[in-house]
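Working notes, structure below.
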Amino acid sequence: MKTVSISGSPRENVGKKDAKAIRRNGQIPCVLYGGTEQIHFSADSKEFKDLIYSPDAHLVKLNVNGKEYSAALQEAQFHPVNDNILHVDFIQLFEDKVAKIDIPVNLIGTAVGVRAGGKLIKKQRLLKVRALPGDLPDSIEVNVENLQVGGIVRVKDISVKKLIILNSPSTVVATVKGKRGMDTAAAAAPAAGAKKK
């Protein structure tokens with residue numbers, strides 16, 4: 001998994017008034033969870049470009065007041081109108097401790113059903129997984145080449161080494177929807193397999 005580096009400064013106050021002042025200065029209020037204590041800090045909004053606005057998941061090397069932490073993005077909150085980042089939560093990672101984080105889904109190949117005039121629909125943008133930090137992938141690649149019109153890929157159809165997907169096995173990840181009037185007799189076609197490269 002790729003790594004991004006973010007440098008932050010400790011926050012002395014953690015109230016809403018303080019958070020607003022931080023944002024006015026181009027900083028983002030953040031919290032690091034998962035260690036012996038919660039660490040409240042702020043970081044320049046520009047440092048989140050490669051982390052937040054990326055199709056892949058990343059490990060994060062946090063430097064707060066000279067101390068480094070290995071972490072992953074847990075949640076980002078956005079303003080409902082201008083979509084600016086309001087707050088970011090990180091989860092601290094340890095090499096020997098299993099972590100639970102969201103990994104993006106990447107659909108690979110052109111589905112048979114799409115060639116026949118159908119439309120490929122991604123139902124899940126992220127899947128929650130459990131694995132050691134060293135085994136976490138940038139994305140979960142799902143091969144949809146054999147997916148017919150009406151065909152479905154569910155979580156139970158996906159297999160990634162050294163990774164446990166925590167979503168319900170019946171969760172639909174991708175499907176090919178036929179256009180109105182199309183023959184969807186292939187709806188019972190077997191789901192495409194899924195493998196990580």
Side-chain angles (χ1 to χ4, degrees), residues 1-14 16 18-108 122-142 158 160-167 173-174 196-197:
M1 184 182 284
K2 300 171 187 174
T3 301
V4 297
S5 298
I6 293 177
S7 297
S9 302
R11 290 175 60 191
E12 295 182 3
N13 302 305
V14 295
K16 291 183 178 180
D18 179 69
K20 288 182 179 179
I22 287 173
R23 294 187 195 103
R24 282 197 296 269
N25 291 327
Q27 301 279 310
I28 305 296
C30 308
V31 182
L32 175 64
Y33 297 96
T36 54
E37 60 180 352
Q38 295 180 11
I39 298 172
H40 296 262
F41 65 98
S42 62
D44 193 300
S45 59
K46 296 177 182 178
E47 297 208 40
F48 292 88
K49 181 180 178 181
D50 293 335
L51 178 65
I52 303 292
Y53 306 105
S54 168
D56 296 328
H58 292 78
L59 296 177
V60 182
K61 184 184 291 184
L62 286 177
N63 187 312
V64 181
N65 203 29
K67 189 171 182 180
E68 289 194 347
Y69 304 89
S70 179
L73 175 69
Q74 186 174 52
E75 183 182 9
Q77 297 174 11
F78 298 88
H79 191 282
V81 177
N82 58 31
D83 214 32
N84 289 338
I85 303 171
L86 295 178
H87 189 275
V88 177
D89 289 340
F90 293 94
I91 184 73
Q92 188 171 351
L93 302 178
F94 302 90
E95 290 184 3
D96 58 348
K97 186 177 179 181
V98 170
K100 297 179 183 179
I101 70 170
D102 292 331
I103 300 292
V105 173
N106 186 19
L107 303 183
I108 303 297
K122 182 190 288 187
K123 291 286 190 177
Q124 299 295 323
R125 189 177 65 85
L126 301 167
L127 291 176
K128 187 170 289 294
V129 307
R130 183 172 66 205
L132 290 171
D135 295 328
L136 291 168
D138 297 339
S139 64
I140 295 175
E141 297 187 347
V142 179
I158 302 172
V160 183
K161 292 180 180 179
K162 299 182 179 180
L163 197 71
I164 296 175
I165 301 176
L166 301 176
N167 301 70
V173 176
K196 179 182 179 295
K197 289 184 178 179

[X] side chain vs [Y] backbone, donor-acceptor pair below 3.5 Å:
X: Asn82; Y: Asn84; result: yes
X: His58; Y: Asp56; result: yes
X: Lys122; Y: Val105; result: yes
X: Ser45; Y: Gly26; result: yes
X: Asp138; Y: Lys2; result: yes

For the [atom1] atom of [X] and the [atom2] atom of [Y], what is their distance to the nearest 0.5 Å?
X: His87; Y: His79; atom1: NE2; atom2: NE2; answer: 15.5 Å
X: Asp135; Y: Lys161; atom1: CG; atom2: NZ; answer: 11.5 Å
X: Asp89; Y: Gln74; atom1: CG; atom2: CD; answer: 6.0 Å
X: Met1; Y: Ile101; atom1: CE; atom2: CD1; answer: 4.5 Å
X: Gln124; Y: Asp102; atom1: CD; atom2: CG; answer: 10.5 Å
X: Lys100; Y: Leu166; atom1: NZ; atom2: CG; answer: 6.0 Å

Give the minimum heavy-atom separation between [X] and [Y], together with the two atoms involved.
X: Ala76; Y: Ile52; result: CB-CD1, 3.9 Å
X: Ile108; Y: Glu141; result: CG1-CB, 3.9 Å
X: Ala131; Y: Leu136; result: CB-CD2, 3.9 Å
X: Leu132; Y: Glu95; result: CD2-O, 3.7 Å
X: Phe78; Y: Asp83; result: CD2-O, 3.4 Å
X: Lys97; Y: Gly34; result: NZ-O, 4.2 Å

Check your understanding: Among Ile22, Asn63, Val64, which residue meets the side-chain contact (heavy atoms from CB on, under 4.5 Å) test with Phe41?
Key -> Val64
Exercise for review: Among Leu126, Val173, Val129, find the one that has a side-chain contact (heavy atoms from CB on, under 4.5 Å) with Ile140.
Suggested key: Val129
Heavy-atom side-chain proximity of [X] to [Y] below 4.5 angstrom:
X: Gln38; Y: Leu32; value: no
X: Phe48; Y: Leu73; value: no
X: Leu127; Y: Ile103; value: no
X: Pro29; Y: Arg23; value: yes

Practice item. Show your working on side chain to side chain contact (heavy atoms under 4.5 Å, CB included) between Val88 and Glu75 and close with a plain yes or no. Key: CA-CA 6 Å; Val88 177; Glu75 183 182 9; over 6 Å; no
